[in-house]
Amino acid sequence: MLMGNLSRLLKESWALVEDQQDKVAGYFYARLFLTDPRLRDLFPVHMDVQRARLLGAIVHAVQTLEDPEQFDSYLRALGRDHRKFEVVGAHYDVVGAALVEALRTFAGEQWGWEYEQAWKDAYAVIARKMQAGAAEDDNPPFWHAEVVAHQRYGRDMAVFTCRTSTPLDYRPGQYVSLESQYHPRVWRAYSVANAPRRDNLLEFHVRALGAGWVSGALVRRLRAGDPLRLAAPMGDMVLDRRSARDIVCVAGGTGLAPIKALIDELTTYNRTRWVHVFLGARDRDDLYHLDELTQLAARYPWLSVVPSCSEDETFTGERGHVNEVMSRYGPWAEHDFFVSGPAPMVRGTMRTLSELRVPSTRIRYDAFTEW
Ligand SMILES: Cc1cc2nc3c(=O)[nH]c(=O)nc-3n(C[C@H](O)[C@H](O)[C@H](O)COP(=O)(O)OP(=O)(O)OC[C@H]3O[C@@H](n4cnc5c(N)ncnc54)[C@H](O)[C@@H]3O)c2cc1C
Ligand code: HEM
């Protein structure tokens with residue numbers, strides 16, 4: 001009841017400023033950097049209002065996390081992750097105050113104490129959980145790594161490996177966020193493409209997206225010897241070793257990366273679970289690691305790989321979107337599913353799986369893009 005009321009107040013008050021979001025954001029950051037000029041150093045150099053992520057992220061969190069208790073583990077992980085931005089406890093109060101002041105300034109006369117209290121309360125709960133998550137983490141805020149090898153594939157892809165100076169514990173299928181010297185303080189998530197190794201090598205697969213900043217630099221500029229920073233692993237697209245079910249992996253483009261890590265893990269112990277990999281791409285050029293996968297399938301009898309192209313008339317294998325191709329095989333009612341790639345591909349696959357009546361509890365997925 002109380003939660004419902006808070007949520008109503010937050011939504012009503014946000015409606016007062018919603019069409020002035022750019023101005024609210026401009027004011028918010030100005031307030032923040034005036035209060036504590038050192039905070040500017042935590043943010044990327046180029047920060048036009050459209051791209052400024054923090055305010056949008058906070059408003060989104062406050063608006064959608066109707067019951068923060070339900071999102072406890074997400075918020076703790078977010079707080080842990082914020083250590084990579086060099087955020088410390090004291091910053092939370094400054095950000096909270098700037099947020100409320102920006103809202104009050106643009107909401108006009110209809111802003112009232114109830115609205116103000118609602119934002120303060122919601123922000124305080126979220127901030128507390130994030131800080132608790134940060135405090136209980138014994139890991140370093142980030143790991144230093146050095147690029148060991150970098151290879152371009154096709155028009156816009158690259159596979160590179162780097163070595164961390166100290167071990168970074170992660171589970172195959174997880175992703176880390178990564179920062180390069182080409183865009184300091186700009187972090188983006190990339191899935192690790194191998195299971196953890198004793199020599200601390202991590203492989204990444206990247207596609208340069210349109211005008212994308214980080215992906216463009218990782219594909220076109222990164223060189224062996226370059227330094228990188230990696231932050232704590234996240235994500236739950238990991239194997240359940242207790243499950244005896246056979247496995248279907250559906251990957252689009254560089255969505256292959258976490259799937260490769262899962263296969264890498266399976267090669268260390270699997271004898272009993274069939275693993276079917278459906279690998280989708282636009283054209284043959286985009287099937288950048290097909291030869292390597294085919295070699296793995298030749299070595300491990302439990303592994304099969306079906307490549308497909310959606311826009312290549314000359315491709316002699318399966319044609320069509322990868323979810324359609326996957327549904328032509330089967331039946332899949334008793335399998336565990338792992339799905340990764342661009343959002344439209346992930347959405348399409350989830351639709352297909354729902355039509356095939358696969359329970360959502362058997363599906364793990366990561367969408368790489370927002371739309
Ligand atoms: C859990 C997770 C795991 C991920 N793993 C990987 C991975 O293993 N490999 C990988 O390559 N990426 C992965 N990503 C995506 C990655 O984090 C970045 O979002 C991506 O590389 C783009 O970052 P950027 O800085 O280059 O683009 P940004 O500068 O953030 O902006 C995106 C820009 O790129 C363009 N753009 C964005 N999306 C599209 C699109 N769909 N089509 C056309 N143009 C577009 C637009 O011009 C936009 O301005 C993952 C994302 C998540 C959330
Ligand atoms: C309720 C509190 C907060 C929430 C919900 C929140 C949430 C988020 C989210 C979801 C992102 C995007 C992450 C990403 O793109 O990888 C982000 C980015 C960021 N946050 Fe927070 N955050 C909070 C508090 C803070 C505080 C107190 C600071 C300290 C100044 C801070 C600094 C940053 C920075 C520097 C970025 C990166 C911005 C960019 O790349 O443009 N955040 N935040």
State, to 0.1 Å, how close R80 and G133 come at their nearest heavy-atom pair, and which atoms those are.
-> CG-O, 3.0 Å
Do you see a donor-acceptor pair shorter than 3.5 Å between the side chains of Y190 and H205?
-> no
Establish whether L293 and V306 are linked, either directly or via other cluster members, by ILVMFWY side-chain heavy-atom contacts under 4.5 Å.
-> no
Lys/Arg-Asp/Glu bridge criterion (N-O < 4.0 Å) met for E179, R185 | no
State whether a side-chain donor-acceptor pair under 3.5 Å links Y92 with Q131.
-> no
Determine whether V277 and M350 fall in the same hydrophobic cluster, where Ile, Leu, Val, Met, Phe, Trp and Tyr are linked whenever their side-chain heavy atoms lie under 4.5 Å apart.
-> no
Backbone of A343 reached by a side-chain donor or acceptor of T369 within 3.5 Å = yes
When you look at Y170 and Y175, which way does the ring pair (Phe, Tyr, Trp, His ring centres under 6.0 Å) test go after all the steps?
-> CA-CA 8 Å; Y170 64 95; Y175 56 90; over 10 Å; no
Would you kindly say whether Q295 and D291 are connected by a side-chain donor-acceptor distance under 3.5 Å?
-> no
Please tell me if the side chains of I58 and L99 come closer than 4.5 Å, counting only heavy atoms from C-beta onward.
-> yes
Taking the side chain as every heavy atom from C-beta outward, state whether L222 and L228 have any pair of such atoms under 4.5 Å apart.
-> yes
S340 and D366 side chains, donor-acceptor separation under 3.5 Å | no
Side chains of N323 and T352: donor-acceptor distance under 3.5 Å anywhere?
-> yes
Going by heavy atoms in the side chains, are V95 and D93 under 4.5 Å from each other?
-> no
With distance as the sole criterion, is a donor-acceptor pair present between the side chains of R273 and N270 under 3.5 Å?
-> no
Side-chain H-bond candidate by donor/acceptor type, W119 with S13, under 3.5 Å | yes
Hey, does V325 have a side-chain heavy atom less than 4.5 Å from the side chain of R328?
-> yes
Shortest non-hydrogen contact from L287 toward S308 = CD2-O, 4.2 Å
Are any non-hydrogen side-chain atoms of L209 and F368 less than 4.5 angstrom apart?
-> no
Between W187 and F142, how do the two ring planes meet: parallel, tilted or perpendicular, split at 30° and 60°?
-> tilted
Indicate the atoms forming the closest heavy-atom contact of L168 with P233, along with that distance.
-> CD2-CD, 3.7 Å
If we ignore angles and hydrogens, is there a donor and acceptor under 3.5 Å between the side chains of S304 and H276?
-> yes
P167 backbone acceptor or donor facing W143 side chain under 3.5 Å = yes
Is the backbone of R223 close enough, under 3.5 Å, to the side chain of D226 for a donor and an acceptor to pair up by distance?
-> yes
Where does the angle between the aromatic ring planes of H289 and Y153 fall among parallel (under 30°), tilted (30 to 60°) and perpendicular (over 60°)?
-> perpendicular
Determine the interplanar angle of the F278 and W332 rings, folded into 0 to 90°, and report it as parallel if under 30°, tilted if 30 to 60°, perpendicular if over 60°.
-> perpendicular
Any donor-acceptor N/O pair, S243 side chain to D240 backbone, under 3.5 Å = no
Donor-acceptor pair, side chain of H82 and main chain of L78, under 3.5 angstrom = yes
Quick one: are the ring centres of F337 and Y365 less than 6.0 Å apart?
-> no
Does the ring pair (Phe, Tyr, Trp, His ring centres under 6.0 Å) test come out yes or no for F204 and F160, once each step is laid out?
-> CA-CA 5 Å; F204 293 96; F160 68 88; 5.4 Å; yes
Will you find, in the side chains of Q20 and Y27, an N or O donor that is under 3.5 Å from an N or O acceptor?
-> no
If every non-hydrogen atom of R163 is compared with every non-hydrogen atom of L201, which pair is closest and at what distance?
-> CB-CD2, 3.8 Å
Looking only at heavy atoms, the pair that brings L103 and W111 closest together is CB-CH2, 3.8 Å
With side chains defined as the heavy atoms from C-beta onward, is the minimum distance between H335 and V358 less than 4.5 Å?
-> no
